[in-house]
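Right, one structure below, let's go through it.
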Amino acid sequence: MKLNRRQLLQASLTAGAGSLFFSQSSKGQSEPKPVRPKGIVFMVSDGMSQGVLPLTEAFSQQIRGTGTAWWQLLQEPNAVLGLMDTPSSNSLVTDSAAASTSWSAGKRVPNGQICVDEKGASLESIGETLAKEKVRLGLVTTARVTHATPAGFATNSPNRDDEDFIAPQFINRAEIVLGGGSAHFDPKRRRDKRDIFGEYRKAGYEVLGNRDEFLKAGNGKLLGTFWKGHLPYTIDQKHSKSLQKTVPTLAEMTTVALERFLQGDQPFLLQVEGARIDHAAHANDIGGILHDQLAFDDTVAKVLAMVGDRDDILVVMTSDHGNSNPSLNGVGARYAQTNKHFARIAGLKSSHENLISKWKKNQGGLQKWQAFVMENYGFKPSAEEAEAVLDSIAGKEIVEWSHQLDNPQGLMGQMVGNYTSTGWTGISHTADPTQLTSVGPGASEFAGLVRNDSVREKLLNLLLG
Ligand SMILES: [Zn+2]
């Protein structure tokens, strides 16, 4: 059944009023049956501006002939729709550390701080609270696991960049920790040479370093770090057999974590982060962002399928902030060329990061760069475009009025934008509220405009009562 917008809204509001603490019986009478979820899957597409969802839907339709799970959910009457607000305590524009802290500790803090307030005092993270209550916590991400969003759910650090300090803190707070960032656990790479992998093993964790080990993992606690930094971009993984062999996908990691939690009797919170959507936005990388959002959406589809026949699991999807607000502009007479331009995104075979890193290894002149872009992106940039990007990569001054876009990321985004009709407002986070979509028991808690610092209380009320 397709509903129009008004009907959708009404369905959401009705669900909101009726199912806060009691479910409706089939006869429509309220029964005193609590609908608190046994488990919550809190899914974060980091740095996902609102335009990313419709662009990903169009991209999926184009390259796969089918739509995305999140977009489909927006059309379901049982989905509760909302907006997440995003400020931190010192800025209208948050970073991921303050955003994750607001969700986890229930307090807005200055950017850069993880569960530490403006006076330097530690705040109790939701992971710390849940550990006391014997609620299982899982953290799955495509970033370094010590990065701001997963770190905010279980650790404290006055400085988000001190990831060596964050690394040991998941012990006995998070039962499953999967993502990148092995460097911060590895005695050979840590500044203090401390063997954090060894400390996790001593605390009963199985330590995993690649996809093969991950696929054979036992049933106990898990620490899996599958890359020394962030996991590679999905667009690069798609074009590399060796990356596919060694690095599990977000959907694979999430499936393993959720299967374990669903099989057990204890309540749980599983945070899932698609982290590289944010990084691709910082890089003004349209191919990078759409492929990573598709990978996130594959994970949404998997989670919804896994919990589909149960009525005790809440799934919440949102983002911590916008980033650079990518959009598709109409092009040509009556915008008739727009779709043709958009279709060129499918021809991009590399992230900007990977492309520039490969270029720096070989280098060459203007024509070589034009041919290199043609080979990897499917279009040949004009001499002016090619020169501007190369000058910017070389650190030379270029004529560019926007200080946000006066850099290699901004120039690459504009060069690709000239052929795909996509544009970016800058290379940094934005103040916009983000999409919030929830389904399952307690979803109505996340209707309408939700303050980021109210999420902790909602999650705890639902899980602990
Ligand atoms: Zn960011």
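Start at 1 and go down the list; that is how both ligands and their atoms are numbered.
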(message) Less than 3.5 Å apart, any donor N or O on the side chain of D285 or S351 sitting next to an acceptor on the other?
(response) no

(message) Which atom name does D278 have for its N/O/S atom nearest to the Zn ion (ligand 1)?
(response) OD2

(message) Within the 3.5 Å criterion, strictly below it, is a donor on Q50 or D432 matched to an acceptor on the partner's side chain?
(response) no

(request) Check all N, O or S atoms of H282 and name the one closest to the Zn ion (ligand 1). (result) NE2

(request) May I ask you to check whether H429 brings an N, O or S atom to under 2.8 Å from the Zn ion (ligand 1)? (result) yes

(message) With a 3.5 Å distance limit and no angle check, can you tell me whether R173 reaches the backbone of A154 through a side-chain donor-acceptor pair?
(response) yes

(message) Quick check with a 6.0 Å cut-off and a 45 degree axis cone: is R344 positioned over the face of Y419's six-membered ring?
(response) no

